[in-house]
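Structure record follows, encoded as structure tokens.
This is a predicted model, so every value here is computed, not measured.
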Amino acid sequence: MATPFRERAPDLDGHDPAALAGAAGVAAADVTFGDGPFVLDPVPRVISAADWASLEAGLLQRVRALDAFCADVYGARRIVRDGVVPARVVETIDTLEPALCGTSQDRWIGIAGLDLVRAPDGRFLVLEDNLRTPSGMAYAVAARVVSLMLWQPEHPPVPVDGLRAMLRLALGPGRAVVLTDGPSNAAYWEHQWLAELLEIPLAEVDGFDPAGVDVVYRRTDAWQLDSDVGRLLHGRVRVVNAYGVGVGDDKLAHAYVEDMVRYYLGEEPGLGSVRTYDLGRPEVAEEALDRIEELVVKPRAGYGGEGVVICPHASRDDVERTREAVRATPEDYIAQELVPLSEHATVVDGEVVMRHVDLRPFVFLGAGDEGAVYPGGLTRVALEEGALVVNSSQNGGAKDTWVL
């Protein structure tokens, strides 16, 4: 396996790592995720201006293409008719909302949060596209507040004080509310923070009446149209993100996003994807099964890392069970190349060690060609040695991300 890319980290410049970690924990004490604290590593990640300029353009391009794909899936399905995406890919997306076929939206995707990894050659690649209920932007701001307090850099990174304007761009005109499940939602702290930032009400699902509201920024876990929340909102208010956008973050559709960029925008993709195998194609499934020991296999309908088998790190029995499951129902799985996540200096138990990281940047689309990208985003870090899963729910933490 290739050697992971080692990220540039700021010089500790005499700072005691244990003291930094302790100060970060105190400063972020009021920030929570789920039932526990928001775990913030004090050593920020640094991205150069040149790298960010390229990444920013590629992110905007990609999300615009995904927005066009959502509109097309619920419209004429030109991309299927023209043979770019197989019909079975669209027809078997379990997040497809049949009731929306034949309908249109001014904008399907207002806010996207993509998961990026950095390959051994330094390139950023998209591992997954998160469109239904992307989270993390408030945690990114909290990380910035703490890191600036700890480091007080002579040349500070690009500021992140434009988030309010970016959210307003995505929500559009009219009276808006943030809709939450309440304290039971793991990201409830973020919901409260965003409502305060936007100076709009935070409404809980129970008892919510959309009368007099123009737009709902839905942050509930219920993303389906056929749910209490969906039935309450559909046809009565504009919802961000729109119901039905799950077709764009389907794990198999991910295999075709670069083709979507070429098809809808007439441009070459500025941001690549981690290679994803469409196992519904017999010749592709055969190739993947022949080298499954080298790949990552994911349930097509899974999320949050559940059910993912990183075959190079799995036991022989687990690999064989995965092989048989894929052979039995290949359409229920996707396979991806294993990209060794880049490594970054991280404080663990008072010592500076290297840990794997990914990046979740945030993209905002408004009317027409308006769009913006939050500078940097939230870097997520796997705190256990050798771990490749960075989710907060699986012992992951976070870092501030500085764009120079």
Side-chain angles (χ1 to χ4, degrees), residues 1-7 9 39 41 45 114-130 249-252 254-255 272-279 284-349 351-360 378-399:
M1 185 184 299
T3 302
F5 185 86
R6 287 206 156 197
E7 305 268 353
V39 180
D41 180 74
R45 183 186 202 170
L114 282 58
D115 291 345
L116 274 60
V117 297
R118 200 163 195 178
D121 61 5
R123 291 180 302 141
F124 282 99
L125 299 171
V126 181
L127 184 65
E128 291 187 356
D129 302 286
N130 300 296
D249 62 19
D250 175 70
K251 287 182 172 60
L252 181 53
H254 182 271
S273 303
V274 172
R275 184 184 176 189
T276 300
Y277 291 81
D278 178 357
L279 301 177
V284 174
E286 182 178 356
E287 177 190 353
L289 287 167
D290 283 346
R291 50 187 296 265
I292 197 168
E293 296 87 354
E294 305 169 12
L295 303 176
V296 178
V297 178
K298 300 179 179 182
R300 187 176 176 188
Y303 64 94
E306 292 296 327
V308 173
V309 180
I310 303 174
C311 292
H313 298 172
S315 69
R316 178 175 296 181
D317 287 346
D318 284 343
V319 171
E320 288 308 311
R321 278 193 289 269
T322 301
R323 190 195 308 272
E324 291 308 311
V326 170
R327 185 174 284 123
T329 55
E331 66 279 2
D332 291 343
Y333 298 89
I334 61 99
Q336 289 183 313
E337 295 290 345
L338 175 61
V339 176
L341 274 63
S342 57
E343 296 179 331
H344 196 283
T346 302
V347 181
V348 176
D349 296 330
E351 301 290 335
V352 177
V353 294
M354 300 303 291
R355 290 292 186 263
H356 292 295
V357 296
D358 76 356
L359 178 64
R360 177 168 289 183
L378 184 67
T379 287
R380 304 184 302 174
V381 55
L383 297 176
E384 294 183 4
E385 184 176 3
L388 297 174
V389 179
V390 297
N391 293 324
S392 297
S393 58
Q394 298 192 39
N395 197 33
K399 292 174 171 287

Measuring from H313:NE2 to D318:CG, what's the distance to the nearest 0.5 Å?
13.5 Å
Nearest-0.5 Å distance, CG of residue D129 to CG of residue D250:
10.5 Å
Is it true that atom CZ of R123 has more than 12 heavy atoms of other residues, nucleotides or ligands lying nearer than 6.0 Å?
no
Can you name the closest pair of heavy atoms from S342 and E7 and give their distance?
OG-OE2, 2.8 Å
Test item: E128 and L114 side chains (from C-beta on) under 4.5 Å apart, heavy atoms:
no
If you look at every heavy atom in V39 and G396, which pair is closest and at what distance?
CB-O, 4.3 Å
If you round to the nearest 0.5 Å, how far is CD of Q336 from CD1 of I310?
11.0 Å
Are side-chain heavy atoms of V296 and V308 found at a separation under 4.5 Å?
yes
Between V390 and V381, does a side chain to side chain contact (heavy atoms under 4.5 Å, CB included) hold up when you go through it step by step?
CA-CA 5 Å; V390 297; V381 55; 5.7 Å; no
Pairwise salt bridge (charged side-chain N to carboxylate O under 4.0 Å, His left out) hits with a residue in residues 329-347, at least two apart:
R6-E343, R291-E337
Donor-acceptor pair between T346 and R355 side chains, under 3.5 angstrom
no
Of H344, R360, R45, which is the lone residue that meets side-chain hydrogen bond (donor to acceptor under 3.5 Å, both in side chains) with T379?
R45
Work out which heavy atom in A255 is nearest to a heavy atom in T276; give both atom names and the distance.
CB-O, 3.6 Å
If you count heavy atoms of other groups shown closer than 6.0 angstrom to CD of E324, is the number above 12?
yes
Using side-chain hydrogen bond (donor to acceptor under 3.5 Å, both in side chains) as the criterion, list what pairs up with N130, not counting sequence neighbours.
D115
Should E286 and L289 be marked as a side chain to side chain contact (heavy atoms under 4.5 Å, CB included) after you check the CA-CA gap, both sets of side-chain angles, and the distance that decides it?
CA-CA 5 Å; E286 182 178 356; L289 287 167; 6.0 Å; no
Spatial distance of atom CG (D121) from atom OG1 (T3) [nearest 0.5 Å]:
12.5 Å
Please confirm whether the backbone N or O of V126 pairs with a side-chain atom of H254, one donor and one acceptor, at under 3.5 Å?
yes
Drop me the distance from L295's CG to C311's SG, to the nearest 0.5 angstrom.
6.5 Å
Going by heavy atoms in the side chains, are H356 and P4 under 4.5 Å from each other?
yes
Value for CG (L279) from CD (E287), rounded to nearest 0.5 Å, stands at 10.0 Å
Looking at residues at least two apart in the chain, or sitting in another chain, which of them share a side-chain contact (heavy atoms from CB on, under 4.5 Å) with V117?
L125, L127, V274, V339, L341, D358
So R316 and E293, salt bridge (charged side-chain N to carboxylate O under 4.0 Å, His left out) or not? Walk me through it.
CA-CA 9 Å; R316 178 175 296 181; E293 296 87 354; over 6 Å; no
Side chain proximity check, F5 to R118, heavy atoms < 4.5 angstrom
yes
Heavy-atom nearest pair, P340 first then A2, reads CG-O, 3.6 Å
